[in-house]
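Here's the structure, in structure tokens; my notes come after.
The sequence lines fix the lettering, A, B, ..., with proteins before strands; numbering per chain opens at 1.
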Amino acid sequence: MKFHWFAEVTYPHLPADFPRRYHSAWVDPPPHLLDPRKVGEVYRMFIRLMQHADRVGFDGLAVNEHHQTAFAMTPSPNLLAASLASSTQNAAILVIGDSIALYNPPIRVAEEMAYLDCLSDGRLIAGFVFGTPMDSVFSYGIPPIELRERFHEARTLILRAWQAQEPFAFNGTYTKLRYVNPWPRPVQRPHPPVWVPGSGSVETWDLVIDENYCYGHLSFSGLRSAKPIVDGFWEHVAKRGGDTNPHRMAFTQICCVAETDAQAERDYYEAVKYFYSHNPVAPGFAQPPGYQTLRSLRAAMERGTGRGITNEDRQRAASGEMSFWEYDEKGFIIAGTPERVRQRIRELATSLRVGQLIATLHMGNLPEEVARKNTELFGREVIPYLRDLWADQPDYWTPLESQRRVAAAAQVAASV
Amino acid sequence: MVHAEAQRTQGQLSTHVVGACHIRLWSAGDGSPVLYLHGFEQHPGPARFLQRLAQHRRVYAPELPGYGGSTGFEALEGVLGVTLYHRQLVESLGIDTVDLIGHSLGGMLAAEFAAICPHRTRRLVLVNAYGLWLDDVPLPDPFVMGEKDLAAAKWANPALAASEPSIGIAEPESRYAATLERMKNLAIATKFMWPIPDRGLRRRLPLIQAPTLIVHGTADRLIPRVYAEEFARLIPNARLVMIDGAGHLPMVEQEDAFIYAVQTFLSE
């Protein structure tokens with residue numbers, strides 16, 4: 001089993017009354033609440049934390065793309081990825097991912113990702129995302145009805161650009177290029193592993209099955225909430241005759257590790273509450289027409305919210321009304337001693353058949369020293385004890401170079 | 001006799017094929033032809049205002065491909081694609097020149113038709129039409145509004161919202177049919193109206209040769225009256241009729257005033 005370090009680059013200085021005073025942390029949060037100097041501090045902190053994660057045995061360092069939100073101030077994940085590619089040694093650079101429908105021309109993504117693969121010496125994972133509605137159709141203005149078509153056109157162009165032996169012409173609907181010939185090209189051949197996260201759309205399932213990509217279920221609602229969707233994914237994979245290797249499934253999970261369970265509550269409760277409660281999405285921004293296909297919309301409605309986790313629990317989590325241990329019990333977080341966290345991750349990974357855990361080890365307004373401790377304990381006291389999971393199955397979705405380097409570093413660490 | 005008259009204007013809904021598009025087409029009445037293009041939310045069905053227009057004219061009200069029970073949207077490329085499809089539709093009905101009435105999004109598409117197909121356009125009526133953008137008076141975003149806010153923006157009297165005429169749901173068997181149908185319709189509208197309902201029409205309006213009537217419900221908070229004035233300024237032979245006590249749907253909220261203005265103009 002693989003473990004990737006991740007955090008949303010959240011603005012940690014929103015006022016306590018933010019959720020009551022403002023309708024959305026996305027698209028139109030008031031700019032006067034933002035202090036650019038403090039944003040710089042946040043950026044530098046995340047670079048330090050991820051460099052540390054590289055030293056304590058993580059398989060990947062995950063970065064993502066969001067726009068116009070206090071929740072995640074990473075408009076181009078490639079920028080953070082570039083900082084890491086040049087200052088880390090072992091871990092994969094997991095860009096999860098670039099919102100490829102938004103880049104014009106999308107060849108920019110082919111170039112920047114190739115740059116990252118060169119700079120990291122073949123450690124890049126290329127994630128392609130649709131982006132949330134708030135990102136792609138509100139902040140970046142793409143008509144929802146065009147989003148999927150633009151995504152697939154961009155994906156086709158990028159993959160072809162990485163592999164073509166000669167310059168070629170590309171006559172797409174949205175992108176027309178007479179000469180496609182990116183310099184640089186990726187180190188990994190034929191191209192870096194591709195990951196595509198989704199939120200349960202059948203079309204995305206079909207895509208990852210057809211292309212044998214790694215699928216990601218990136219939510220912060222935990223095992224119970226994800227169970228119906230992830231089970232549905234695996235059923236679909238089996239039905240379509242796809243690869244059921246657990247390493248082709250990634251899952252995000254907030255983890256809060258401490259010396260004792262009581263210490264975990266002291267260390268993390270405030271930050272967990274900040275993370276969930278300072279992230280309102282105005283209703284109008286959440287579900288614009290055309291963002292999902294009718295087929296997926298119908299499937300989501302029929303799946304309902306009755307299974308998994310109740311709407312009431314979702315709302316209580318989002319309002320910060322849950323106790324620390326209720327967040328844990330309902331699966332939003334996994335907290336406690338390394339032993340407890342190991343056991344619960346084992347349960348989660350087995351239940352969901354997940355081979356790539358995107359461990360979210362900083363959340364909300366957590367202080368750097370606590371996040372550093374979390375990283376250290378997770379790297380040294382959790383990861384090594386879960387390496388047996390899915391060890392019998394090959395991992396085609398993490399770069400060979402990072403797998404080799406992380407394994408070598410683990411051997412050195414074990415021998416001292 | 002009265003019965004036959006009622007039947008004649010009640011009209012009928014049929015499936016009509018235009019190229020790759022299979023559309024629902026409501027038609028009624030006799031006389032010279034009128035093509036009615038519906039707004040961004042849905043086809044109004046056999047609405048009373050359409051039946052009244054059909055008392056003196058042959059009225060065709062097609063459902064836009066992609067909406068409700070009409071297919072073929074994928075085959076159309078943007079505004080020009082839809083305009084050429086409308087030309088094919090008119091020609092498929094054996095019509096030489098047509099009077100066009102376009103409401104809301106249909107107003108944008110009707111104006112495009114008149115600019116690009118002057119030889120097929122006799123007279124043009126635009127009703128609370130989309131298609132322009134004024135930096136000083138930015139339009140609100142109809143796609144983020146909740147039901148209540150949208151009703152408040154659309155109607156002079158929001159209590160009328162429940163009485164809005166509609167063609168009805170194409171696949172009523174699903175539990176979520178109404179919600180899904182609305183999402184399906186609005187998704188198509190985003191092709192022309194997202195994020196800003198401006199696809200360059202401003203540059204084409206001066207090419208319109210047909211005499212044009214701009215009808216505008218003055219209480220419309222989706223499209224303020226200054227937009228109607230801008231249409232009238234840019235179209236060479238246009239005149240403006242403001243209808244008070246009506247919002248985005250003057251043909252529903254002030255049916256008599258609407259019918260009077262349109263019939264007077266079309267029979268000139």
Side-chain angles (χ1 to χ4, degrees), chain A residues 23-24 26-29 67-68 101-102 104 130-150 152-153 171-176 201-203 280-306, chain B residues 40-42 64-71 73-82 105 130 133 138-150 152-153 169-199:
Chain A
H23 77 149
S24 191
W26 294 76
V27 186
D28 61 358
H67 300 277
Q68 297 188 187
L102 308 184
N104 187 13
F130 292 98
T132 71
M134 298 82 83
D135 294 308
S136 297
V137 304
F138 286 101
S139 299
Y140 266 49
I142 302 290
I145 191 91
E146 293 178 1
L147 184 67
R148 266 147 227 286
E149 206 177 47
R150 285 176 182 267
H152 290 298
E153 185 173 306
N171 182 23
T173 304
Y174 302 100
T175 301
K176 295 188 191 294
S201 290
V202 201
E203 293 81 9
V281 179
F285 297 146
Q287 188 68 270
Y291 177 77
Q292 278 188 296
T293 63
L294 272 200
R295 183 180 168 214
S296 291
L297 203 58
R298 191 178 287 120
M301 285 171 142
E302 278 160 9
R303 198 157 51 221
T305 48
Chain B
F40 75 98
E41 295 180 272
Q42 77 255 313
L64 189 64
Y67 277 70
S70 301
T71 62
F73 175 75
E74 301 72 21
L76 310 178
E77 276 197 22
V79 163
L80 184 59
V82 169
L105 170 61
Y130 276 108
W133 181 262
L139 296 172
D141 182 352
F143 298 106
V144 297
M145 293 181 182
E147 210 176 320
K148 229 178 124 184
D149 288 343
L150 187 60
I169 291 156
E171 305 165 56
E173 65 272 16
S174 161
R175 255 171 78 198
Y176 309 102
T179 309
L180 289 170
E181 184 99 341
R182 184 166 175 80
M183 290 299 252
K184 176 183 186 174
N185 290 354
L186 294 183
I188 302 300
T190 69
K191 182 74 186 176
F192 309 102
M193 293 171 58
W194 192 296
I196 283 178
D198 176 357
R199 296 293 183 269

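For Phe73(B), the part sitting under 4.5 Å from any heavy atom of chain A is the side chain, from C-beta outward, and nothing else. Contacts between Asp141(B) and chain A at a heavy-atom distance below 4.5 Å involve the side chain alone, from C-beta outward. Pro283(A) does not touch chain B: none of its heavy atoms, backbone or side chain, sits under 4.5 Å away. For Tyr291(A), no part sits under 4.5 Å from any heavy atom of chain B, backbone or side chain.
Considering OG1 of Thr173(A) and CD of Glu77(B), their distance stands at 6.0 Å, rounded to 0.5 Å. Separation of atoms CD1 (Ile145(A)) and CD (Glu74(B)) is listed at 7.5 Å; rounding is to 0.5 Å.
In terms of heavy-atom pairs under 4.5 angstrom with chain B, the leader among Gly290(A), Gly284(A), Pro143(A) is Pro143(A). Of the residues considered (Leu186(B), Asp149(B), Thr179(B)), Leu186(B) shows the highest number of contacts with chain A, using heavy-atom pairs under 4.5 Å. Contact tally against chain A (heavy-atom pairs below 4.5 Å) for Ala187(B), Ala189(B), Pro195(B): the top residue is Ala187(B).
Considering every non-hydrogen atom in both Glu302(A) and Tyr176(B), the closest pair reads CG-CE1, 3.8 Å. In this structure, Met183(B) and Gln287(A) approach most closely via the heavy-atom pair CE-O, 3.3 Å. What you find for Arg298(A) and Leu180(B) is that their closest heavy atoms are NE-CD1, 3.6 Å.
With hydrogens and angles disregarded, no donor-acceptor distance shorter than 3.5 Å links the side chain of Trp194(B) to the backbone of Pro144(A).
The number of heavy atoms from other shown groups lying within 6.0 Å of NZ (Lys176(A)) is above 12.
Tested against Lys184(B) for a side-chain contact (heavy atoms from CB on, under 4.5 Å), the candidates Thr293(A), Leu297(A), Leu294(A) yield a single pass: Leu294(A).
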